[in-house]
Amino acid sequence: MQNPWVYLGLFLLVGIIIPIVPIAFSALIAPRKPNPIKQSTYECGIETVGESWVQFKAQYYVFALVFLIFDVETVFLFPWALALNAQNPAVLPAFIAIEGVIFILILVAGLVYTWRKGLLEWA
Amino acid sequence: MNFWTDPIKVIYDWLMITLTGWGMSGWLADVLINLLGIIVLITAAMVLDILLVWVERKVVARFQDRLGPNRVGPFGLFQPFPDIIKLIIKEDITPAGADKVVFNLAPILSLASVIFLWAVIPLAANVYGVDLNVALLYLVAAGAIGTLSIIMAGWASNNKYALLGAYRMVAVMISYEIPMIVALLIPTLLAGTMSMKGITLAQQDGLWFVVLSPLGMLLFLVAAIAELGRAPFDLSEGESEIVSGFHIEYSGMKFGLFYAGELLHAFTFGAFVGILFFGGWNWPLPWGDKYPLIGIFNVLAKGMFFYWVIMWVKYTVPRLRIDHMLAFNWKFLTPLAFALLIVTAVVHAIFKDLPLWAYGLAMFLSNILLGWAVLEILRSNARQERAAEETPAPAAQH
């Protein structure tokens, strides 16, 4: 196939359909006898108290934010890693490397800031 | 060119001639043949998955000094089939308050996110799904779907344990994605391409990347184990507090899909370690790149070896606490990953035009030096902490 993305689209389609097959097959032949006890929320046999969607620790949110910053910035590093091996670079490869190093150091400064602020502690 | 050197092309041509001979238009035949190839590839992955269930049970039994399945078929090899039949005919219970659409979608996405990865695995020099030029980014993206499926399962189950398990698991998975992306940058940097096939070819011409960057290999392996959510990083489970975590409310085949997805995920990442750092289809003997059968054998053997290493870690190391785990990532792995990236980039830029042995030696020594420096920093830190704990000796003791 000429276009790899068309192939990938087909692949994703089949990849979604194949896991559906056993579930659909199971839904056809498995017994279905629901009752309130069976369908109640499992909490080791104790009755559920209050809402199931409980409040969670705000610390998760902080980690998600820190992750988001790093994830976006690391994507910028992939083109840089490719440019380092360019066949006829306009500048010296060492110069490209140092440029990338400065970028990484700015990233690390962000990490150090979060660290010193105590956001990485599981208080 | 014959069947033994390029089987895919031979089969493709034969099917193309047959289908167009029946009066089918060229592009339709092309799509149909590719669809057939995709179904064969995914089915092969699923059959491998069934085998992995047996491998997992047999190996864990050996680690725990048991025999494992040995009744159904030779060496218990057919044990997974009764397991599957049991899972399929089991009643599927949906809890009363669950969000039904999301609840059903989560296991499907969980397995699909692993199957997606098989599109870019180069099994041999000319046996692969597709040679994407951004395969490593695609790998990260498909992994994010796995994270999504976990939070979907935890949220939709309407269960406190499931929700807590999902939050912990996702916190770990997204945190360890940073060192993993940086570890993926290292083969990119060394090979000058993001394509899996290009990375393997670069190792075929030069040295295997495990020689150039042993630290990067270890980093990728640790981050991969955390991404997989296997012990010691399987925080979503906790027999004494949240039972089995995000898939606590799943039964029957839906649970089976989570289980199958986990095993196949572990094997796939083992294969990635083999491809990115251990030369993929190459081996020390000749013909690894010429005959696809040998190439496929090499990739699967390397995958199976690292699958075994992941299991070895799983059944040896106890589970960590979440604050330790996140601290390990943010205060150790992430700084180490960035330091390694800086060292690799600088050494690579300076030494890449030198002869291969000098370049290899410089890369290897810089890695060893960095590893030693990091261990030394850790050791002095631990010594200081121990001293700080010991100095305020309890004066009240008589």
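The sequence lines fix the lettering, A, B, ..., with proteins before strands; numbering per chain opens at 1.
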Between B:Leu109 and A:Ile16, is any pair of side-chain heavy atoms under 4.5 Å apart?
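The answer is yes; the side chains approach within 4.5 Å.
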Does any part of the side chain of A:Ile23, heavy atoms only, come nearer than 4.5 Å to the side chain of B:Asn104, both counted from C-beta?
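Contact flag for B:Asn104/A:Ile23 side chains = no.
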How far does OG1 of B:Thr188 sit from CH2 of A:Trp80, to the nearest 0.5 angstrom?
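Going from OG1 on B:Thr188 over to CH2 on A:Trp80, the span is 10.5 Å.
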Could you look at A:Leu77 and say if it's the side chain, the backbone, both or neither that has a heavy atom under 4.5 Å from chain B?
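It is both, since atoms from each part get that close.
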Could you tell me which portion of A:Leu111 (side chain, backbone, both or neither) has an atom closer than 4.5 angstrom to a non-hydrogen atom of chain B?
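The side chain, not the backbone.
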For A:Leu8 and B:Phe116, what are the C-alpha separation, side-chain angles and deciding distance, and is it a side-chain contact (heavy atoms from CB on, under 4.5 Å)?
CA-CA 9 Å; A:Leu8 198 66; B:Phe116 290 168; over 6 Å; no
Decide side-chain contact (heavy atoms from CB on, under 4.5 Å) for A:Leu105 and B:Ile342; before the verdict, give the C-alpha distance in whole Å, the side-chain angles of both, and the deciding distance to 0.1 Å.
CA-CA 9 Å; A:Leu105 286 180; B:Ile342 290 173; 4.0 Å; yes
Ring centroid separation for A:Phe67 and B:Trp330, is it under 6.0 angstrom?
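No.
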If you apply the rule side-chain contact (heavy atoms from CB on, under 4.5 Å), what do you find for A:Phe63 with B:Ile174, and how did you get there?
CA-CA 9 Å; A:Phe63 279 109; B:Ile174 62 171; 5.5 Å; no
Measure distances from [X] to the heavy atoms of chain A and classify the residue's part below 4.5 Å as side chain, backbone, both or neither.
X: B:Val120; value: neither
X: B:Ile89; value: both
X: B:Leu257; value: side chain
X: B:Leu137; value: side chain
X: B:Leu41; value: side chain
X: B:Tyr161; value: side chain
X: B:Glu249; value: side chain
X: B:Ile93; value: side chain
X: B:Leu132; value: side chain

Set of salt bridge (charged side-chain N to carboxylate O under 4.0 Å, His left out) partners for B:Asp83, sequence neighbours left out
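Checked B:Asp83 against salt bridge (charged side-chain N to carboxylate O under 4.0 Å, His left out); matches are B:Arg57.
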Could you walk me through whether A:Phe11 and B:Ile115 pass the side-chain contact (heavy atoms from CB on, under 4.5 Å) test, one step at a time?
CA-CA 9 Å; A:Phe11 196 100; B:Ile115 293 178; 4.2 Å; yes
